[in-house]
Amino acid sequence: MIEKYRTHYSKDIGEKEYNNMVSVAGWVEDIRNLGSIAFVILRDRMGTLQVTCLKKDKKELFEKLVSLPRESVISVRGVCKRNKKVRNGYEILPEKVEVLSVSDKPLPMGVVDKTGIEFETRFDNRFIDLRRKEVQAVFKIRDKVIDAARNFLRKNGFIEVHTPKIIASASEGGTDLFKVEYFERIAFLAQSPQLYKQMLMATGLDRVFEIAWYFRAEKHNTTRHLNESTAVDIEMAFIKDEKDVMRVLENMVFEIWNAARTCEEELNVLDIELEKIRVPFRRITYDDAIEMLNEQGHRIKWGEDFGSKEEGTLGRIMEEEKKVFYFVTNYPLETKPFYTMPQEDMRYSRSFDLGCKGLEIASGSQRIHDKKLLIERVEKCGLNPRDFESYLKAFRYGMPPHGGFGFGIERFLMQLLRLNNIRECILFPRDRNRLTP
Ligand code: AMO
């Protein structure tokens, strides 16, 4: 690696660099000025290293270093010396220091200070928050997880697509839509790629996925909701029923969980040990789930959706069975969106949710592919088929049986990494109160 300001990262330096010149660059994490000697802790994306400057040898450099405010960005060229007393076994004796950016003081928040920093302060200064290694660890694992999902899906014949985010009609029902001024008309931000991924099933592409954005104007400001979130969305054609889709989902989750388990360094930073999981995941019908919940003192009536309390209880019951993931299947038709395939009795649907330790992290279903039935369901759900004309058209000229799921990336990460606020899992969260940074 040769960059203009650096030849090595802190971590790349080993025996073969000892007594040689290296260039390193990064943020000044800490400066200790002992009068005749100064220690500068420099942080780069791999870790930290120590720059040691003796006043009697390098008076000018010494003054330059000790006068720097913390978090300034510098590049240091110097000789690397073995030193067993320093944490990484070496130190850099500077010959040249270039100051690339001087930080303002005081800092709005510390990077290494152990004292608790207020949640809002952290998110007001997210670029600094993201300098902290436990925060970076979340995003390194997130990258690994998304990469593993992509690889898994591609291996299984899915191609990656990108569908419009400015749309004309609701994909998940009429409420929770963000309006957008679209020239002379009103448009909406997509709640999900639902309608488009289904339309793609009429093209012969057969298996598609999208790392998608969801925009939802949900007013509740909770630790598990974002107004802008991401998901792995898939749609697949020629399925027998929703069970084919569930198999893809559980195998994808199995692979990404195992990919996350290889992030040893990041998991260590977060002090997390990830247990082994097994497929297939436990399947519970909605009716059985109600029974289990009501036995635990809940009072759910048939036809009601589960709230966070019920989800939590279900998670605890599953934990006793040592199940991290579990499907809830066969939901009443009326709890699910218009595109969901009904069972023959028209009471239940061919749908499922995937729970993880008490939180819904994904949902999916077989879809209706019969145009007549679809229009009936649109109307039954209080929507106007005319608002869905371009979507419904795709069902008129040959639409195979199909199904898919939406898997919430932040929700999954939150459960994987035992974080208690979903905002930790997205770089710049959007919620009811936060639109910046
Ligand atoms: P659903 O609305 O259940 O289904 O969303 C799928 C998954 O996306 C995540 N999710 C959210 N995460 C954070 N904040 C939110 N506001 C939020 N809303 C949803 C959850 C959820 O399980 N079109 C269907 C999917 C499909 O059938 O293919 C859909 O959007 O993890």
Side-chain angles (χ1 to χ4, degrees), residues 142 145 149 153 158 161 163 165 167 169-178 189-201 207-237 239 242 244-246 248-249 252-253 256 305-306 308 311 325-329 331 333 335-341 349-368 381 391 402-416 419 421-426 429-432 434:
R142 184 185 159 113
V145 159
L153 291 168
F158 289 82
V161 297
T163 62
K165 301 296 160 235
I167 60 174
S169 51
S171 27
E172 306 293 335
T175 55
D176 303 339
L177 280 163
F178 282 116
L189 291 182
Q191 293 161 305
S192 82
Q194 184 65 34
L195 306 187
Y196 288 91
K197 63 179 187 174
Q198 281 194 262
M199 284 159 79
L200 289 174
M201 295 302 98
R207 289 183 166 217
V208 301
F209 77 97
E210 177 167 359
I211 311 291
W213 287 103
Y214 288 11
F215 301 96
R216 300 194 178 185
E218 288 159 339
K219 291 197 176 75
H220 37 260
N221 215 356
T222 77
T223 53
R224 45 175 61 191
H225 289 91
L226 291 164
N227 293 112
E228 184 182 65
S229 64
T230 61
V232 179
D233 257 80
I234 77 142
E235 202 65 24
M236 54 196 279
I239 57 168
E242 76 282 12
D244 287 345
V245 184
M246 289 161 69
V248 173
L249 176 54
M252 182 187 91
V253 170
I256 64 183
D305 215 344
F306 304 148
S308 59
E311 282 189 50
F325 294 97
Y326 43 91
F327 283 112
V328 179
T329 65
Y331 278 85
L333 185 59
T335 64
K336 289 291 171 185
F338 66 85
Y339 49 77
T340 314
M341 180 71 105
S349 64
R350 297 207 162 277
S351 64
F352 57 85
D353 281 0
L354 179 66
C356 172
K357 301 188 219 170
L359 183 67
E360 178 209 310
I361 60 161
S363 70
S365 61
Q366 181 177 355
R367 326 296 191 187
I368 299 171
C381 290
Y391 162 74
H402 63 278
F405 64 74
F407 167 89
I409 294 172
E410 291 81 20
R411 289 258 182 113
F412 171 74
L413 283 169
M414 191 181 163
Q415 298 309 82
L416 177 86
L419 297 166
N421 194 321
I422 196 166
R423 290 161 184 75
E424 303 277 6
C425 306
I426 194 155
R430 291 288 173 262
D431 63 34
R432 184 97 199 253
R434 185 174 285 285

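Predicted model, so just to flag it, every value in this text is computed and none were measured. One-based numbering, in listed order, for ligands and for the atoms of each.
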- Exactly which residues line ligand 1, taking a heavy atom under 4.0 Å from it as the test?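 Shell around ligand 1 (4.0 Å, heavy atoms): E172, S192, Q194, K197, Y214, R216, E218, R224, H225, L226, S229, Y339, E360, I361, A362, S363, G364, R367, G404, F405, G406, G408, R411, I422.
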- Passes side chain to side chain contact (heavy atoms under 4.5 Å, CB included), T163 versus K165? Steps please. CA-CA 7 Å; T163 62; K165 301 296 160 235; 3.2 Å; yes
- Run the ring-centre check on F352 versus F327 and record whether the distance is less than 6.0 Å. yes
- Message: Determine whether a donor-acceptor pair (N or O, by modelled atom type, separation under 3.5 Å) exists between the side chain of E235 and the backbone of M201.
- Response: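 Side chain of E235 to backbone of M201, a donor-acceptor pair under 3.5 Å: no, none is there.
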- For the pair R430 and E410, evaluate salt bridge (charged side-chain N to carboxylate O under 4.0 Å, His left out) and give the outcome as yes or no after the intermediate values. CA-CA 12 Å; R430 291 288 173 262; E410 291 81 20; over 6 Å; no
- Message: Once you measure the plane-to-plane angle for F407 and F412, does it fall in the parallel (<30°), tilted (30-60°) or perpendicular (>60°) bin?
- Response: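 Rings of F407 and F412: tilted, 30 to 60°.
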- Apply salt bridge (Lys or Arg N to Asp or Glu O under 4.0 Å) to R423 and list each qualifying residue two or more places apart in sequence or on a separate chain.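 So R423 forms a salt bridge (Lys or Arg N to Asp or Glu O under 4.0 Å) with D431.
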